[in-house]
Amino acid sequence: MRKIRAIEKVLIANRGEIAVRIIRTLREMGIISVAIYSDADRTALHVRMADEAYYVGPSPSSESYLNMGKIIQIAKDSGCQAIHPGYGFLAENSEFGRLVEKESLIFIGSHPESISLMGSKTEARKTMKDLGVPVVPGTLYPAKDIKELIKEAEKLGYPVLLKADLGGGGKGMRFARNIDELKSFYELSRSEALSSFGDPSIYIEKYINEPHHIEIQILGDNYGNVIYLGERECSIQRRYQKVVEETPSPFLDSESRKIMGEIAAEAARKLGYRSAGTMEFIVDKDKNFYFLEMNTRLQVEHPITEMVTGIDLVKCQVEIASGKTLQYTQESINPKGCSIESRIYAEDPDNDFAPSPGKILAIQNPSGFGIRDDCGVYEGYEIPIFYDPLISKLISWGNDRREAINRMLRALSEYYIIGVKTTIPFFEKILKHPEFMSGSYNTHFIDKLEKKKEEFEETRKIAVIAVGLREIMDKSESIRQDDRKISSPWKTIGRWLYLQSRL
Ligand code: ADP
Ligand code: ADP
Ligand code: MG
């Protein structure tokens, strides 16, 4: 039986740009938005923009944005019918989904059972394999001990990747080229898994060479209707984390795109999947694709799919949660043009991407045709140290890839942020790179870029030393020639100290 439940007021269990993004759709739908905030977030943009805002707790997220009981209590006290978890924090916490539903509130997300099933990478791999989806070769259960891992690695062949079973955000992941590396990373990977996810379970996968990360956006309702909304190419990564995303993938052809989409949607249908979700795949250079994991939530990079399909994914999530049938059929999905996203962080690209929290003294946001700036800050705002230092997601759209790139570069050149270091200059470097321009990159792109930078730095240092030595030699020579002067070693040492400061 189809039951529609009216959603008139929604609590957003998140912060920053994603909370702002959800508030915007709710307002368009005529739904009242309720924000929550920690001590550090009293003046945050999402608090200013929401219709109502309530204090949730101290700054550390364990005491605020992860406090399930308090969040549900605020939702009930303020008269909300539903909770949207955004991404990160409680978005993939099945216990939270269950608690919300137990309190007769609507969880705007997937079934808690889907969340827990996909929460374990090995469980997810087993499930997908059974559903006929190709998975990356590797183990389907957490390893008992190092001996077992060594045996499995020998069967798979090196290199392999050690992965945390409950992993996310690239944490606990280690690349091993041989048995010695596998042995030395085993404990490291386990302890990182334990500290990040509260569980040390790890397993291994074969490392796919020259890989592409390509993911399929899925939407499903409560009645078995599932569609796919094209793919996103997310191979521009740093330390296994996405930096730039684009759609469509410049690597896929229409045939492989269709096969991947259909396989992903079919698997989701068989799972009874509801709401927005993403199936991530690793694609090798011959376009063989393998299931990587499923994210049972709205993805950070979802806006690029919205830009080419014209579909508001948050609106769909709310409609699905209220019990409506999916408003779109597969045939009605006709992506148009290209879209790119740059994740702009308060980080210093010249200092190993160290976080750069602080006050935004001045900001000029780009705009204009084909530009979307999902920004979570404002002038005078102080970026807190407690959370992800994401400032904004800058998104461009163009009729074709070249137009989307040029538009992104134009918008980046307009973007001024004074007060904190940002990753803006890094994106300019990426987008202007011939390999990016030609669309021929894979996940090694940034590693290669950084290696080149290191090599350049080395050459620069050698050049500075060579010039310095020449100067010192010339000086010593002139001192020697002038025998009336007494040569002081301090002159030479002083020169060295000066040179050191320039290295
Ligand atoms: P994707 O959605 O592409 O898989 P990530 O895995 O990088 O991207 O996104 C989830 C991550 O985003 C979380 O691990 C968390 O660190 C971070 N995150 C969670 N909430 C927020 C937020 N409100 N603002 C910025 N970053 C957040
Ligand atoms: P997380 O949960 O941390 O997002 P994923 O399993 O999604 O971890 O992997 C993150 C990234 O690591 C991928 O996007 C890809 O770049 C790389 N990666 C993961 N597994 C493999 C593999 N088997 N071979 C090659 N690269 C991989
Ligand atoms: Mg992933």
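Numbers here simply count residues along the sequence, with the first being 1. Each ligand, and each atom within it, is numbered from 1 in the order the structure gives.
- Distances from ligand 2 to the non-hydrogen atoms of Lys163 include at least one value under 4.0 Å.
- Smallest separation of non-hydrogen atoms from Val20 and Cys375: CG1-O, 4.2 Å.
- For Gly169, a nitrogen or oxygen atom sits less than 3.5 Å from a nitrogen or oxygen atom of ligand 2, counting backbone and side chain alike.
- An N or O contact shorter than 3.5 Å is missing between Met173 and ligand 2 by distance.
- Across the listed options Lys206, Glu205, Gln237, Gln237 owns the non-hydrogen atom lying nearest to atom 16 (O) of ligand 2.
- Shown here for Glu246 and Tyr441, the closest heavy-atom pair between the two residues is OE2-OH, 2.5 Å.
- Comparing heavy-atom distances from atom 4 (O) of ligand 2 across Glu215, Gln241, Glu293 singles out Glu293 as nearest.
- Contacts between Ile208 and ligand 2 below 4.0 angstrom, taking non-hydrogen atoms only, involve backbone and side chain alike.
- Electrostatic pairing of Glu205 and Lys163 counts as a salt bridge here, judged by a charged N lying under 4.0 Å from a carboxylate O.
- At distances below 3.5 Å, at least one donor-acceptor pair connects side-chain atoms of Thr139 with backbone N or O atoms of Ile204.
- For Glu280, a nitrogen or oxygen atom sits less than 3.5 Å from a nitrogen or oxygen atom of ligand 2, counting backbone and side chain alike.
- Those atoms of ligand 2 that come under 4.0 Å of a heavy atom in Gly167, given as number and element, are 2 (O).
- Near Val136, the atoms of ligand 2 lying under 4.0 angstrom from a non-hydrogen atom of the residue are 23 (N).
- Using a 3.5 Å distance cut-off with no hydrogens or angles, the side chains of Asn225 and Tyr328 do not pair a donor with an acceptor.
- Atom numbering of ligand 2 starts at 1 in the shown order; those under 4.0 Å from a heavy atom of Thr443 are 16 (O).
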